[in-house]
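Read the structure below first, then the notes.
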Amino acid sequence: FVAHNHVQLRINPLLDVLVQQKPKEAHCLIGVTMYDLYDDRTDSFSVGMAAGGSGVGVFSFCRYDPCFSLFKVPHPSKQAARPPMLPAEKLMLQRCCKTLVHEIAHNYYIGHCI
């Protein structure tokens, strides 16, 4: 899907490919991309998704990049309570690792925490 020069990949076809590519001895296989993802036409985006008990999932670094154009700058009053901002690369890595662990956990039937 392409709108306003912004490319998005639909998640389900990616999961289908990962299911076919997952080695039998693997516990899980996670696809990682810098392209933005979406689930269906009602979604504006999705950062990731796991396919239940199939042992596969996919997630995107795209929206975790601090330079991504849709990130909003917090109101100055909220910045005072936050710790100092980490360098952009470290912040992106932290965000991506948290989402990766989240999607892997879904492959072991761990639900959402909220």
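The figures that follow rest on heavy atoms only: side chains count, while hydrogens, waters and symmetry mates do not.
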Apply side-chain contact (heavy atoms from CB on, under 4.5 Å) to Phe59 and Val32, showing your working.
CA-CA 5 Å; Phe59 89 96; Val32 178; 3.7 Å; yes
Run the side-chain contact (heavy atoms from CB on, under 4.5 Å) check on Val19 and Leu29 step by step: do they pass?
CA-CA 8 Å; Val19 166; Leu29 178 64; over 6 Å; no
Pair Gln8, Tyr35 - check side-chain contact (heavy atoms from CB on, under 4.5 Å), show working.
CA-CA 6 Å; Gln8 287 186 298; Tyr35 285 105; over 6 Å; no
Between Asp36 and Leu9, is the side-chain contact (heavy atoms from CB on, under 4.5 Å) condition met? List the steps.
CA-CA 6 Å; Asp36 203 14; Leu9 303 178; over 6 Å; no
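Taking CD1 from Ile30 and OG1 from Thr99, the interatomic distance works out to 11.5 Å, rounded to the nearest 0.5 Å. Atoms CG and NZ, on Leu18 and Lys22 in that order, are 10.5 Å from each other to the nearest 0.5 Å. Once rounded to the nearest 0.5 Å, the distance linking CG of Asn12 with OH of Tyr38 reads 9.5 Å.
Clustering ILVMFWY residues whenever any of their side-chain heavy atoms sit less than 4.5 angstrom apart, transitively, puts Leu93 in a cluster other than the one holding Val101.
Remark: Val17 pairs with Gln21 by the side-chain contact (heavy atoms from CB on, under 4.5 Å) rule, at least two apart or across chains. Under the side-chain contact (heavy atoms from CB on, under 4.5 Å) criterion, Pro13 pairs with Arg10, sequence neighbours left out.
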Under 3.5 Å, which donor-acceptor pairs do the side chains of residues 44-56 form with other protein atoms, sequence neighbours left out?
residue, atom, partner, partner atom, Å
Ser46, OG, Gly48, O, 3.1
Ser54, OG, Ala51, O, 2.6

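Side chains of Ile11 and Val58 form a contact here, defined as non-hydrogen atoms less than 4.5 Å apart.
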